[in-house]
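Everything on this sheet refers to the single structure shown next.
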Amino acid sequence: MADDKKLPTRAEDFSAWYNELVLRAELADYSPVRGCMVIRPNGYGIWERMQRQLDDMFKETGHQNAYFPMLIPQSYLHKEAQHVEGFAPETAVVTHGGGKELEEPLVLRPTSETIIYSMFAKWVQSYRDLPVLMNQWANVVRWEMRTRLFLRTLEFLWQEGHTAHATEHEAEEETRRMLGIYRDFMEGWMAMPVITGQKTDSERFAGALRTYSCEAMMQDNKALQAGTSHNLGQNFARAFDVQFQNEAGTLEYVWNTSWGVSTRMIGGLIMTHSDDKGLRIPPLLAPIEVVVVPIYKTDEERARVLEAVHRIKDNLLAWERRAHARLRIHIDDREGIKPGAKYYEWELRGIPIRMEIGPRDIDAGKAVLVRRDTGIKGTYSLNTLGEDIQDMLSSIQEDMLVAARDRREKNSVREPITYDAFRAVMEGDGAFVYAGWCGSAACEAQIKEETKATIRCLPDEEFRSAVAPTTCLKCGTAAVAEALWAKSY
Ligand SMILES: [Zn+2]
């Protein structure tokens with residue numbers, strides 16, 4: 001598997017480090033088609049765990065899964081003016097089928113608002129049919145020019161939630177609720193802290209009334225938009241004629257929301273946590289939590305150690321049944337590979353705990369556990385191994401979130417800053433800069449042109465600075481909002 005060549009370091013070249021890590025940890029690979037990605041089992045195992053947890057969270061909040069086709073009549077995209085403007089440049093279009101030119105070209109879905117709301121129009125008649133709370137797990141295609149594994153690819157996997165409500169208030173509540181679920185997931189499961197807030201008009205989803213996002217800081221101090229939730233207002237309802245009869249008997253348009261997260265989150269997880277040795281996966285998302293590396297020199301030792309390792313695994317299974325716990329353990333009993341080479345490989349793959357066990361450990365009734373996040377090594381009694389592993393996994397999960405949040409705060413600027421100083425920060429190491437904004441799109445565009453930084457969001461109250469900025473970062477006139485500025489992926 002992985003060769004012994006060292007990864008480029010983050011300090012040397014963050015971008016090369018990321019690409020090499022994805023390939024060497026066997027998370028994904030390039031496909032024969034430019035910009036497409038093959039997700040390998042190590043990467044897909046993380047996605048599956050993400051999917052499983054999010055799916056539970058969606059269902060707990062009343063959503064049901066459905067599936068809509070990936071081919072959409074091209075004319076559908078044109079029904080909502082802003083939507084087509086936003087998505088037309090990046091659509092892939094099918095013009096032929098079965099050797100014949102199609103009467104109407106079909107678009108490979110870049111997102112499914114149009115097809116889904118055309119169906120809602122058929123299914124929703126009365127206020128009794130509302131709310132409709134649906135989600136689909138699917139692939140989408142966006143013809144991107146510059147692509148990066150997991151971060152931006154022509155085809156990617158995601159979920160898209162689509163709902164219809166009787167009132168604007170309910171739609172807004174749903175939009176915020178799902179943003180909150182994304183935040184809970186990203187912090188609780190990915191150990192990736194996020195800033196939530198509203199997007200400015202220039203960054204809003206094409207066709208939405210309001211867009212909210214989760215913004216995470218990567219280790220190069222750039223922001224990654226990790227999830228979005230949109231209040232679509234009645235724009236799509238009008239375009240697709242989704243109407244319902246209210247209690248008074250009059251016809252009204254429904255209010256829609258849509259929200260999504262994608263395999264991009266895996267890129268976020270990598271760039272939040274990994275180090276120069278390779279990946280570090282938060283335990284809750286790790287397909288393997290503990291890897292056991294048996295240590296021996298002779299054949300006789302090998303037989304003895306392997307026998308003990310399997311006994312330890314059986315004891316752990318018995319403990320799991322008593323404790324209603326479930327540990328994902330893998331025994332690396334491959335022959336002909338030295339323990340050091342195995343350590344290297346499992347560190348590259350980011351497995352949270354490594355258990356080392358040799359003849360002397362067995363005699364002492366002990367095993368060595370090594371944490372991937374800190375590298376700290378300790379000796380533990382075989383009698384309490386289950387509890388100790390479980391405690392260690394929870395500590396790792398928690399500590400990874402704390403470490404990521406500390407790093408973000410250390411690289412955030414909340415003090416009043418001049419535009420020149422801001423430019424210097426963005427030309428240098430970068431940062432999350434909280435500063436005033438006058439509300440003008442011109443200031444926003446100029447800053448982007450001069451520094452490549454954009455308003456990631458207008459942060460929700462809990463993330464705003466204690467003393468609100470009073471003037472615009474660019475033009476110095478009165479600020480209407482505090483904005484979070486950063487360069488982004
Ligand atoms: Zn301004």
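Each ligand, and each atom within it, is numbered from 1 in the order the structure gives.
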| request: Run through V141, L71, N139, I115 and flag the one making a side-chain contact (heavy atoms from CB on, under 4.5 Å) with R109. | output: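 Passing option: N139.
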
| query | For residues 212-231, which residue pairs qualify under ring pair (Phe, Tyr, Trp, His ring centres under 6.0 Å), counting only residues two or more places apart or in two chains? | reply |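 Residue pairs with at least one partner in residues 212-231: F205-H230.
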
| said: So which atom in R34 and which in M145 form the shortest heavy-atom distance, rounded to 0.1 Å? | reply: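 Closest approach of R34 to M145: NH1-O, 3.0 Å.
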
Scan the side chains in residues 244-251 for donor-acceptor partners under 3.5 Å anywhere in the protein, sequence neighbours excluded, and list what turns up.
from, atom 1, to, atom 2, distance (Å)
Q245, NE2, G249, O, 3.2
N246, OD1, A248, N, 3.0
N246, OD1, G249, N, 3.0
N246, OD1, T250, N, 2.9
N246, OD1, T250, OG1, 3.1
N246, ND2, T250, OG1, 2.9
N246, ND2, E252, OE2, 2.7

| query | Tell me, do M134 and I116 make a side-chain contact under 4.5 Å, heavy atoms counted? | reply |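 No; the side chains remain at least 4.5 Å from each other.
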
List the atom pairs, donor and acceptor, that lie under 3.5 Å between side-chain atoms in residues 274-283 and the rest of the protein, sequence neighbours left out.
from, atom 1, to, atom 2, distance (Å)
S274, OG, I270, O, 3.0
S274, OG, R280, N, 3.4
D275, OD1, K277, N, 2.9
D275, OD1, G278, N, 3.2
D275, OD1, R372, NH2, 2.7
D275, OD2, R372, NH1, 2.9
D276, OD1, R10, N, 2.9
D276, OD1, R10, NE, 2.8
R280, NE, H273, O, 2.5
R280, NH1, D373, O, 2.5
R280, NH2, H273, O, 2.9

| What protein N, O or S atoms come within a distance below 2.8 Å of the Zn ion (ligand 1), ordered by chain and number? |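 Listed by chain and number: C438 SG, C443 SG, C472 SG, C475 SG.
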
